[in-house]
Undergrad: 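Take a look at the following structure, please.
Being a predicted model, the structure only gives us computed values, none of them experimental. Whatever order the structure lists them in is the order used to number ligands and atoms, beginning at 1.
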Amino acid sequence: MMALKAYAVLEKDEYTGDIYFAPRAIVAAKAGANEYGDGELSYIQCRRAPWADAFAGKGVPAKVAADHGWHFECHGCGIQIDSDLEEEHRLPVDGIVGTMHGAVYCCARCKWKHIKREARRKQEEAAAIEDFKAIVRARFPDADFADDESEFRGHHAYVTRADRSGFWHRGQVIVAFRFPGMKIGPAHFRVESCHRIGPPIAGYTCCNGDREAFEAYAGATRARH
Ligand SMILES: [Zn+2]
């Protein structure tokens, strides 16, 4: 097998791009053009990047790439990561975590904080969904919650935390449930509170083709109370 060589392929307008490993420049250029230049070879530049050859099949460490002029946005705190990291943020370039094709962090501590924050956010999202299921259950006691649906048709929660506060704002919560006579997809109970002041906007929605069935179900459920 021919050894793969590293090529830096950059789109010429904004100089965004990637390192590609290929046996020949044209192969790397075509791959890069497809990704960054609408398939047009004239929109990109492709140069050999021998410093990255050793990382074929392994992923290029972001700290090595930073040393060769590449820059990234920290996945944890959002600062620009490049060879000036030490000067600008007092963080050693050698401490940059991650590879070019994955999440890159300015330092190990930032990655750890990000992972903890994400785990907490997931917990808060799950708690929000459980709370809103209880609201739905109060209205539709036999609601069949669509726990197995994709994220597009199923439950969804968007929560944010104000800096340094323990308070999580529930920006949007959607709970999905099935009902007798449903043909197209689950109905949703949806709460949006984009503003922190004022009442949230809440309501039930269903797919167009299921309107009659849902209204009949809502009417029948209400009658029982
Ligand atoms: Zn960071």
Undergrad: For F189 and F177, I'd like to know if the aromatic rings sit close, meaning centre-to-centre distance below 6.0 Å.
TA: no
Undergrad: If the cut-off is 2.8 Å, does any N/O/S atom of H114 fall short of it from the Zn ion (ligand 1)?
TA: no
Undergrad: Any idea how Y105 and H114 line up, ring-wise: parallel (<30°), tilted (30 to 60°), or perpendicular (>60°)?
TA: tilted
Undergrad: Closer than 4.0 angstrom, basic N to acidic O: yes or no for E124 and R121?
TA: no
Undergrad: At a threshold of 2.8 Å, where the distance has to be below it, does the Zn ion (ligand 1) have an N, O or S atom of C110 nearby?
TA: yes
Undergrad: Report whether any nitrogen, oxygen or sulfur of C77 sits less than 2.8 Å from the Zn ion (ligand 1) (N, O or S, backbone or side chain).
TA: yes
Undergrad: Using a strict cut-off of less than 4.0 Å between a Lys/Arg side-chain nitrogen and an Asp/Glu carboxylate oxygen, indicate whether D142 and R137 qualify as a salt bridge.
TA: no
